[in-house]
Amino acid sequence: MNYLKQVLNIALLVLVSFAGIKPVQATNLPFEQIITPQQAKRDVAQWSQWLHSTHPDLKHSVADIDAFYLQLNTITAAITDELSVRELWARLAVLNSTLADGHLKVGHASTSQWRKWVNGGVGLFPFEVAIVNQQLYIKSNTGGTKSGYAEQQIKAINGVPYEQVVAQLLRRTHGDTDEFRQEVLARQFHRLLYLTFGYSEQFSITLADEELTLAASKTLPQSMVERSFVDTFNVEYTGETATLTVNSFSWPDFKQYLAFMDATFTQLTEKNIKHLIIDISNNGGGDDDFWMAGIMRI
């Protein structure tokens, strides 16, 4: 079993029909399909069953396992009316911070699916952000182009104070520490803001000395841009030290990845490299085979 791949892909198992939704326009928003309480509870039960059949021991990361089950049961019992898939996700995803695991989460569709939605017309928050000590700052325009508002602190979004925005999103962000969750949230801010607070055609953004009203961005966030092979896997040499960057344990052409790894480790020997740094700081996970066959077997 490709355990790492399966754990990383743990996601809310919503309606079978939802999986077949085509790229959408802003009038047909992702996750806004309405489901009955019975359907929602079946989805939660299926997710819970899959979670327990896949994960060896939740106690390794969950600080209070009894509180976790009480939280899950309370969420399930509160489902009494029809709701959207997005609303169901928002209720269940508060378990992400309780699970406190970098590899375990209530997920929110693949990056490739989000890419299709944005390319199909769904708009998202107009800035890339940084989160420092749970404070929210503008990094650039969505997509990475330079912004005249860079480094300014965001005080509120659509009238919601930034403290509430960040707190609500962090509750729904996976990761084992607050610092890790802040980093993940910064990268996935556009998706998590959408899923938690709903879709906005435009955003009112309060800065320290200015109030902005901006249309939702139709540009792909940096986290959704499809990277090239060289951007994902590369090696640099400095004297007797080599730095091997592996930004994913997933790639469509597994043979291409293995060929690169074979060539890299051959060069390490030929160049008589004494020190190897393997940088996985920007790795989003993937399949066991990629690290086991590509790195650990060497």
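Small disclaimer: the values here were computed from a predicted structure and weren't measured.
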Report the C-alpha separation of Ile75 and Val94 in whole Å, then their side-chain angles, then the decisive distance to 0.1 Å, and conclude whether the side chain to side chain contact (heavy atoms under 4.5 Å, CB included) test is met.
CA-CA 10 Å; Ile75 291 169; Val94 297; 3.8 Å; yes
Begin with the C-alpha distance, continue with both residues' side-chain angles, and end with the deciding distance and a verdict on side chain to side chain contact (heavy atoms under 4.5 Å, CB included) for Ile295 and Met261.
CA-CA 7 Å; Ile295 297 176; Met261 285 297 178; 4.1 Å; yes
In this structure, CG of Leu185 is separated from CG of Leu169 (nearest 0.5 Å) by 5.0 Å
Would you give the length of the straight line joining atom CE of Met224 to atom CD of Gln113, rounded to the nearest 0.5 angstrom?
11.0 Å
Residues passing the side-chain contact (heavy atoms from CB on, under 4.5 Å) test with Thr269, sequence neighbours excluded, are none
Gln38: what forms a side-chain contact (heavy atoms from CB on, under 4.5 Å) with it, not counting sequence neighbours?
Thr36, Arg42
Less than 4.5 Å apart, side chain to side chain, heavy atoms only: is that true for [X] and [Y]?
X      : Y      : answer
Phe249 : Asp287 : no
Tyr237 : Gln267 : yes
Leu212 : Phe127 : yes
Thr232 : Phe260 : no
Thr173 : Asn96  : no
Tyr194 : His108 : no
Leu83  : Ile35  : yes
Ile138 : Leu207 : yes

Who else is in [X]'s hydrophobic cluster (ILVMFWY, side-chain heavy atoms under 4.5 Å, direct or via others)?
X      : value
Tyr137 : Val132
Ile277 : none
Val184 : Phe180

Ring pair (Phe, Tyr, Trp, His ring centres under 6.0 Å) with Tyr257: which residues, sequence neighbours excluded?
Phe233, Phe290
side-chain hydrogen bond (donor to acceptor under 3.5 Å, both in side chains) partners of [X], counting only residues at least two apart:
X      : value
Glu82  : none
Trp251 : Gln256
Thr245 : none

Salt bridge or not between Arg91 and Glu87? Use side-chain N to carboxylate O under 4.0 Å.
no
Does anything in residues 203-222 form a ring-ring contact (aromatic ring centres under 6.0 Å, His included)? List the pairs, not counting sequence neighbours.
Phe125-Phe203
Expected list for residues 152-159: side-chain donor-acceptor pairs under 3.5 angstrom, two or more places apart:
{"residue": "Gln153", "atom": "OE1", "partner": "Lys155", "partner atom": "NZ", "Å": "3.4"}
{"residue": "Asn158", "atom": "OD1", "partner": "Ser204", "partner atom": "N", "Å": "2.8"}
{"residue": "Asn158", "atom": "ND2", "partner": "Ser200", "partner atom": "OG", "Å": "3.2"}

Kindly list each side-chain donor-acceptor pair under 3.5 angstrom involving residues 56-71, sequence neighbours excluded, with atom names and distances?
{"residue": "Asp57", "atom": "OD1", "partner": "Lys59", "partner atom": "N", "Å": "3.0"}
{"residue": "His60", "atom": "ND1", "partner": "Asp57", "partner atom": "O", "Å": "3.0"}
{"residue": "His60", "atom": "NE2", "partner": "Asp101", "partner atom": "OD2", "Å": "2.8"}
{"residue": "Ser61", "atom": "OG", "partner": "Leu99", "partner atom": "O", "Å": "2.5"}
{"residue": "Asp64", "atom": "OD1", "partner": "Asp66", "partner atom": "N", "Å": "3.2"}
{"residue": "Asp64", "atom": "OD1", "partner": "Ala67", "partner atom": "N", "Å": "3.1"}
{"residue": "Tyr69", "atom": "OH", "partner": "His52", "partner atom": "NE2", "Å": "2.8"}
{"residue": "Gln71", "atom": "OE1", "partner": "Thr98", "partner atom": "OG1", "Å": "2.8"}

Decide side chain to side chain contact (heavy atoms under 4.5 Å, CB included) for Glu163 and Gln134; before the verdict, give the C-alpha distance in whole Å, the side-chain angles of both, and the deciding distance to 0.1 Å.
CA-CA 7 Å; Glu163 297 94 338; Gln134 299 193 19; over 6 Å; no
Closest heavy-atom pair and its distance - Leu124, Pro221:
CD1-CG, 3.9 Å
Mind listing the closest non-hydrogen atom pair of Ser250 and Gly286 along with its distance?
CB-CA, 4.2 Å
Treat each ILVMFWY residue as a node, draw an edge where side-chain heavy atoms are under 4.5 Å apart, and state whether Ile278 and Val230 are in one component.
no
For [Y], is there any backbone N or O sitting under 3.5 Å from a side-chain donor or acceptor partner on [X]?
X      : Y      : answer
Thr76  : Leu72  : yes
Thr196 : Leu193 : no
Ser228 : Asp231 : yes
Arg86  : Glu32  : no
Arg171 : Ala167 : no

Taking [atom1] in [X] as the centre, count heavy atoms belonging to other residues, nucleotides or ligands within less than 6.0 Å. Is the count above 12?
X      : atom1 : value
Asp253 : CG    : yes
Glu211 : CD    : yes
Tyr149 : OH    : no
Lys139 : NZ    : no
Glu210 : CD    : yes

Side chains of Arg191 and Thr111: do they bring a donor and an acceptor to under 3.5 Å?
yes
Assess, by modelled atom type and distance only, whether the side chains of Thr142 and Glu128 contain a donor and an acceptor separated by less than 3.5 Å.
no
Just do the side chain to side chain contact (heavy atoms under 4.5 Å, CB included) check on Leu244 and Leu276 with the steps written out, would you?
CA-CA 7 Å; Leu244 173 61; Leu276 173 62; 4.1 Å; yes
So that I know where these two stand, are Trp114 and Trp117 an aromatic pair - ring centroids less than 6.0 Å apart?
yes
